[in-house]
Participant: 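I have a structure I would like to understand better, so I am pasting it below and will then ask my questions one at a time.
Order of listing sets the numbers, starting from 1, for every ligand and every atom in it. Starting from 1, each residue takes its place in the sequence as its number. Nothing here was measured: the structure is a model prediction, and the numbers come from that model.
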Amino acid sequence: MRNIVILTGAGISAESGIETFRADTGLWAQHRVEDVATPEGFEHDPAKVVAFYNGRRADAAQAEPNAAHKALARLEREFAGDVLLVTQNVDDLHERGGSRNLIHMHGALNSALCGACDHRWPAPLQMHVAESCPRCAAPRARPDIVWFGEMPYEMDRIFAELSQADLFVAIGTSGNVYPAAGFVAEAARAGAATLEINLEPSAVGSQFAKALMGPATQTVPAWVDSVLTDA
Ligand code: BJW
């Protein structure tokens with residue numbers, strides 16, 4: 001086995017104290033998706049959207065990487081082949097846990113994006129509405145987040161890596177949001193072994209050949225140990 005592609009979702013950060021989206025008391029039980037996670041919502045009420053992401057950025061800054069984040073970083077360091085981590089999460093707990101080969105397909109809380117020229121720069125802890133772009137000066141700064149209806153980042157690279165994967169693993173994601181929910185089918189079609197690690201089977205759980213159920217801080221370190229021992 002040479003190439004491992006790992007997809008992570010909100011469940012891997014849950015035990016660091018970051019809320020998931022679709023739990024009964026999760027973010028989507030507290031906020032309307034249309035209001036805070038669509039371009040139309042931002043157009044209609046930018047102050048509400050900026051405040052939502054300011055709160056999320058503050059929560060992420062308080063959180064610490066957990067044993068699952070650290071185990072994936074160890075896998076990247078110690079596995080003889082290539083490990084690519086694709087996260088849907090916008091927090092920076094994978095980086096702070098030590099991962100380097102990482103794609104934030106849904107953007108990042110610590111990044112700001114110019115809606116006029118696509119320039120990116122480090123977001124302040126608290127963004128303000130209609131901040132100016134440091135490159136083109138347009139008052140169009142927005143959180144650098146992929147909202148519904150927008151194209152996730154680095155899709156060409158992700159699909160290329162999935163087509164070369166020997167193993168695809170999804171950790172802590174509910175399988176409700178595409179294109180990420182379609183990665184298991186893509187990887188299986190290309191001949192990869194597939195593994196789901198979650199608290200409970202996801203919406204696409206039946207498409208995985210194997211599953212490990214339990215909290216990520218227990219299942220992920222145990223799985224990483226087994227991969228490094230068998231390698
Ligand atoms: C634990 C745990 C513990 C808990 N240990 N596990 C109809 C059909 C198909 C698709 C569409 C459709 N209509 C529209 C679409 C497309 C749309 C979409 O998928 N909609 C669905 C709702 C149907 N997708 C898009 O618009 C995307 N763009 C797009 O498709 O562009 C076109 C394109 C075409 C072709 C190729 C490529 C692209 C953009 C999606 C943007 C998603 N944005 C959000 C919000 C922004 C980021 C943010 O604010 O953080 O991203 S939505 C939200 O969901 C967030 C997440 O990244 C994403 C996934 O959530 P996740 O991570 O799975 O969290 P939860 O809460 O759902 O699940 C947590 C899991 O953890 C659970 O399974 C728990 O069991 C588990 N768990 N504790 C282990 N301790």
Participant: Just distances here: any N/O of Met151 and N/O of ligand 1 closer than 3.5 Å?
Facilitator: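 N/O-N/O distance under 3.5 Å: no.
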Participant: Enter the distance from Ile4:CD1 to Asp166:CG here, rounded to the nearest 0.5 Å.
Facilitator: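 The CG atom of Asp166 is 8.5 Å from CD1 of Ile4, to the nearest 0.5 Å.
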Participant: Going through the distances and angles, do Ser111 and His104 end up as a side-chain hydrogen bond (donor to acceptor under 3.5 Å, both in side chains)?
Facilitator: CA-CA 11 Å; Ser111 177; His104 275 279; over 6 Å; no
Participant: Which residue pairs pass the ring pair (Phe, Tyr, Trp, His ring centres under 6.0 Å) test when at least one of the two sits in residues 74-93, sequence neighbours left out?
Facilitator: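 Residue pairs passing ring pair (Phe, Tyr, Trp, His ring centres under 6.0 Å), neighbours aside: none found.
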Participant: With respect to atom 49 (O) of ligand 1, which of Phe148, Tyr178, Tyr53, Phe159 exhibits the smallest heavy-atom separation?
Facilitator: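 Nearest option to atom 49 (O) of ligand 1, by heavy atoms: Tyr53.
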Participant: Does atom CD (Gln30) have a neighbourhood of more than 12 heavy atoms from anything else shown, all under 6.0 Å?
Facilitator: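 Buried by this count: over 12 neighbours within 6.0 Å.
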Participant: Is there a nitrogen or oxygen of Asn89 sitting under 3.5 Å from a nitrogen or oxygen of ligand 1?
Facilitator: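 The answer is no, given that Asn89 and ligand 1 share no N or O pair closer than 3.5 Å.
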Participant: Which side-chain N or O atoms in residues 212-219 pair as donor and acceptor under 3.5 Å with protein atoms at least two apart or in another chain?
Facilitator:
| unit_1 | atom_1 | unit_2 | atom_2 | d |
| --- | --- | --- | --- | --- |
| Thr217 | OG1 | Glu15 | OE1 | 2.4 |
| Thr219 | OG1 | Pro215 | O | 3.1 |

Participant: Give the residue, atom name and distance (to 0.1 Å) of the protein heavy atom nearest atom 70 (C) of ligand 1.
Facilitator: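 Answer for atom 70 (C) of ligand 1: Gly172 O, 3.4 Å.
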Participant: Nearest heavy atom to atom 60 (O) of ligand 1: which of Glu196, His106, Gln88, Arg22 does it belong to?
Facilitator: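 The residue whose heavy atom sits nearest atom 60 (O) of ligand 1 is Arg22.
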Participant: Does the plane of the ring in Phe168 sit parallel, tilted or perpendicular to the ring in Phe208? Use 30° and 60° as the thresholds.
Facilitator: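 Because their plane-to-plane angle is under 30°, the rings of Phe168 and Phe208 count as parallel.
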Participant: May I have the step-by-step check of ring pair (Phe, Tyr, Trp, His ring centres under 6.0 Å) for Phe52 and His31, ending in yes or no?
Facilitator: CA-CA 9 Å; Phe52 174 68; His31 304 271; 4.7 Å; yes
Participant: Which protein non-hydrogen atom lies closest to atom 77 (N) of ligand 1, naming both residue and atom, and how far is it?
Facilitator: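 That would be Gly11 CA, 3.5 Å.
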Participant: For atom 75 (O) of ligand 1, what's the nearest protein heavy-atom neighbour? Residue, atom name and distance, please.
Facilitator: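 So the nearest neighbour among protein heavy atoms is Asn198 OD1, 2.8 Å.
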Participant: Is there a side-chain contact between Leu93 and Glu64 (heavy atoms, below 4.5 Å)?
Facilitator: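 Answer no - side chains too far apart.
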Participant: Starting from atom 62 (O) of ligand 1, what is the nearest protein heavy atom, named by residue and atom, and what distance separates them?
Facilitator: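 For atom 62 (O) of ligand 1, the nearest protein heavy atom comes out as Ala10 N, 2.8 Å.
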Participant: I'd like to check whether Gly9 has a polar contact with ligand 1, where a contact means an N/O of the residue lying under 3.5 Å from an N/O of the ligand.
Facilitator: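 Such a contact does not occur with ligand 1.
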Participant: Would you say the side-chain atoms of Glu150 pair up with the backbone N or O of Trp147, donor to acceptor, closer than 3.5 Å?
Facilitator: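 Checking the backbone N and O of Trp147 against the side chain of Glu150, a donor-acceptor pair under 3.5 Å is found.
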Participant: With respect to Ala216, determine whether any N or O atom, backbone or side chain, lies less than 3.5 Å from an N or O atom of ligand 1.
Facilitator: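 Min N/O separation from ligand 1 is below 3.5 Å for Ala216.
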Participant: Just going by heavy-atom distances, which of Trp28, Phe21, Phe52 is nearest to atom 55 (C) of ligand 1?
Facilitator: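 Minimum heavy-atom distance to atom 55 (C) of ligand 1 goes to Phe21.
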Participant: Does atom 14 (C) of ligand 1 have any protein heavy atom closer than 4.0 Å?
Facilitator: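 Under the 4.0 Å cut-off, atom 14 (C) of ligand 1 has no protein heavy-atom neighbours at all.
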Participant: How far is atom 47 (C) of ligand 1 from its nearest protein heavy atom, and which residue and atom name does that atom have?
Facilitator: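 Nearest neighbour among protein heavy atoms for atom 47 (C) of ligand 1, to 0.1 Å: Ile145 CG2, 3.6 Å.
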Participant: I need the atoms of ligand 1 closer than 4.0 Å to a non-hydrogen atom of Val90, numbered in the order shown.
Facilitator: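 Reading through ligand 1 atom by atom, the close ones are 47 (C), 50 (O).
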Participant: Which ligand 1 atoms does Pro215 reach within 4.0 Å, using its non-hydrogen atoms?
Facilitator: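 Those qualifying, in numeric order: 5 (N).
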Participant: Is it the case that the side chains of Thr8 and Gln88 hold a donor-acceptor pair, with the cut-off being a distance below 3.5 Å and no angle test?
Facilitator: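 No - no donor-acceptor pair under 3.5 Å links their side chains.
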Participant: Checking contacts here: is it the side chain or the backbone of Pro152 that comes within 4.0 Å of ligand 1, counting heavy atoms only? Could be both or neither.
Facilitator: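 It is the side chain that touches ligand 1; the backbone stays farther off.
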Participant: Using a 4.0 Å heavy-atom threshold (strictly under), name the region of Ile171 that reaches ligand 1: side chain, backbone, both or neither.
Facilitator: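 No part of Ile171 comes within reach of ligand 1.
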Participant: Nearest protein heavy atom to atom 41 (C) of ligand 1, by residue and atom, and its distance?
Facilitator: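 Ranking protein heavy atoms by distance from atom 41 (C) of ligand 1, first comes Val146 O, 3.4 Å.
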Participant: Give the numbers and elements of all ligand 1 atoms closer than 4.0 Å to a heavy atom of Glu200.
Facilitator: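 Answer, ordered by atom number: 75 (O).
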Participant: Can a donor-acceptor pair be found, under 3.5 Å and without considering hydrogens, that links the side chain of Asn3 to the backbone of Gln164?
Facilitator: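 Yes; judged by distance alone, with no hydrogens or angles, the pair exists.
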Participant: Of all the non-hydrogen atoms in the protein, which one sits nearest to atom 80 (N) of ligand 1, and at what distance?
Facilitator: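 Result: Glu15 OE2, 2.9 Å.
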Participant: At a 4.0 Å threshold, what atoms of ligand 1 neighbour a non-hydrogen atom of Asn176?
Facilitator: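 Taking each heavy atom of Asn176 in turn, ligand 1 has 21 (C), 22 (C), 23 (C) under 4.0 Å.
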Participant: When you measure from atom 31 (O) of ligand 1 to every protein heavy atom, which one gives the shortest distance, and what is it?
Facilitator: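 Going atom by atom, the protein heavy atom closest to atom 31 (O) of ligand 1 ends up being Glu150 O, 3.3 Å.
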Participant: Hey, is atom 8 (C) of ligand 1 touched by any protein heavy atom at less than 4.0 Å?
Facilitator: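 Protein heavy atoms within 4.0 Å of atom 8 (C) of ligand 1 - there are none.
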Participant: What part of Val177, side chain from CB on, backbone N/CA/C/O, both or neither, has a heavy atom under 4.0 Å from ligand 1?
Facilitator: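 Both backbone and side chain.
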Participant: Would atom 20 (N) of ligand 1 count as contacted, meaning some protein heavy atom under 4.0 Å?
Facilitator: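 So far as the 4.0 Å threshold goes, atom 20 (N) of ligand 1 is in reach of a protein heavy atom.
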Participant: Assess whether a salt bridge exists between Asp225 and Arg74, defined as any Lys/Arg side-chain N lying under 4.0 Å from an Asp/Glu carboxylate O.
Facilitator: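 Looking at Arg74 together with Asp225, the answer is yes, because their closest N to O distance falls below 4.0 Å.
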Participant: Side-chain contact, heavy-atom cut-off 4.5 Å: Cys114 with Cys136?
Facilitator: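 Yes. Closest side-chain heavy atoms under 4.5 Å.
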Participant: Would you please determine whether Ser202 falls within less than 4.0 Å of ligand 1 on a heavy-atom basis?
Facilitator: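 Checking ligand 1 against Ser202, which is what was asked, there is no heavy-atom contact under 4.0 Å.
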Participant: For residues Glu196 and Gln207, determine if any side-chain heavy atom of one lies less than 4.5 Å from a side-chain heavy atom of the other.
Facilitator: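 No. Closest side-chain heavy atoms not under 4.5 Å.
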Participant: Which part of Ser174 is near ligand 1, with near meaning a heavy atom under 4.0 Å away: side chain, backbone, both or neither?
Facilitator: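 For Ser174, the contact with ligand 1 is made by both the backbone and the side chain.
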Participant: Quick check on contacts: which atoms of ligand 1 are under 4.0 angstrom from a heavy atom of Thr20?
Facilitator: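 So the answer, numbered in order with elements, is 66 (O).
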Participant: Can you tell me how far apart CZ (Phe42) and CG (Asp35) are? Round to the nearest 0.5 Å.
Facilitator: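 Here the interatomic distance stands at 14.0 Å.
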Participant: Do Pro179 and Pro152 have side chains that get closer than 4.5 Å, going by heavy atoms?
Facilitator: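 Answer yes - side chains close enough.
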Participant: Just jot down the ligand 1 atoms closer than 4.0 angstrom to any heavy atom of Ala14, in number order.
Facilitator: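 In order of numbering, the contacting atoms are 78 (N).
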Participant: Could you name the option among Gly149, Gly182, Ser16, Pro179 that has the heavy atom nearest to atom 36 (C) of ligand 1?
Facilitator: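 Going through Gly149, Gly182, Ser16, Pro179 one by one, Pro179 has the nearest heavy atom to atom 36 (C) of ligand 1.
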Participant: Hey, does the side chain of Ser202 reach the backbone of Gly205 with a donor-acceptor pair shorter than 3.5 angstrom?
Facilitator: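 Yes; at least one donor-acceptor contact below 3.5 Å.
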